[in-house]
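These notes are about the structure you will find just below.
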Amino acid sequence: MNDNQEIILRLRERIPTFECVPGCHDCCGPVTTSSEEMSRLPVKTDAEHEVALDNYNCVHLGPNGCEVYEERPLICRLFGTTQNMPCPNGRRPEDMVDPEIESLVHHYIANTRQVLV
């Protein structure tokens, strides 16, 4: 396992989860992610990417929600767990993400090659 994969795993463990509003996909817009995270996601065609972007959606958003939920990128996991990225429906974990972890996620994103999901 390389260093970035280890960093991703450690950060994932430290980001709290919460229950979303059923049917809501407000956080499922196009995002960027690291090459390591992208390599864990199914490959989509250029046409699928174009349709998703035209609708301001993530290419992995399906009719029943996120199709890659267990492997979703760090930025997706962070959504709704921090005051800086609040859920528009007021959902949140009991304990918000530690500011140090949020900072580490943003540092990781800023210091790795990012690709559009």
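Here the structure is a predicted model, which means the values were calculated and not measured.
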Would you say [X] and [Y] make side-chain contact, with heavy atoms under 4.5 Å?
X    : Y    : answer
V21  : R91  : yes
R92  : P86  : no
I15  : V105 : yes
L116 : L53  : yes
N4   : I7   : yes
R12  : E71  : yes
V115 : T32  : no
Q114 : E37  : no

To the nearest 0.5 Å, how far apart are [atom1] in [X] and [atom2] in [Y]?
X    : Y    : atom1 : atom2 : result
H60  : C28  : NE2   : SG    : 11.5 Å
R113 : S35  : CZ    : OG    : 4.5 Å
Y108 : L11  : OH    : CG    : 8.5 Å
T112 : H107 : OG1   : NE2   : 10.0 Å
N84  : L78  : CG    : CG    : 8.5 Å
C66  : H25  : SG    : NE2   : 9.5 Å

- Query: Looking at E50 and K44, does any basic side-chain N land under 4.0 Å from a carboxylate oxygen?
  - Reply: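 Salt bridge flag = no for K44 with E50.
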
- Query: Thinking salt bridges, do E102 and R14 make one under a 4.0 Å N-O criterion?
  - Reply: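 No, no charged N to carboxylate O under 4.0 Å.
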
Compare every heavy atom of [Y] with every heavy atom of [X], then report the nearest pair and how far apart it is.
X    : Y   : answer
I109 : I75 : CD1-CD1, 3.9 Å
M96  : P93 : SD-CD, 3.8 Å
C87  : F79 : CA-CE2, 4.0 Å
Y69  : R77 : O-NH2, 4.0 Å

- Item | side-chain contact (heavy atoms from CB on, under 4.5 Å) partner of T81, chosen from I101, V97, D95, D98 |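 Among the candidates, only V97 passes.
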
- Could you check C76 against V31 for side chain to side chain contact (heavy atoms under 4.5 Å, CB included), going step by step and ending with a plain yes or no? CA-CA 8 Å; C76 301; V31 297; 4.1 Å; yes

- I would like to know whether N89 and D26 meet side chain to side chain contact (heavy atoms under 4.5 Å, CB included); could you show each step before the answer? CA-CA 9 Å; N89 294 301; D26 288 350; 3.8 Å; yes

- Item | Short side-chain to backbone donor-acceptor contact, S103 and P99, under 3.5 Å |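 It does not hold such a pair.
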
- Task: Any chance you could lay out the side chain to side chain donor-acceptor pair (under 3.5 Å) test for E36 and S39, step after step, and finish with the verdict?
- Result: CA-CA 5 Å; E36 285 82 10; S39 71; over 6 Å; no

- Task: Please answer: with hydrophobic residues joined when any side-chain heavy atoms are less than 4.5 Å apart, are L61 and V117 in the same cluster?
- Result: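 No, it is not one cluster - the side chains of L61 and V117 are not joined through contacts under 4.5 Å.
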
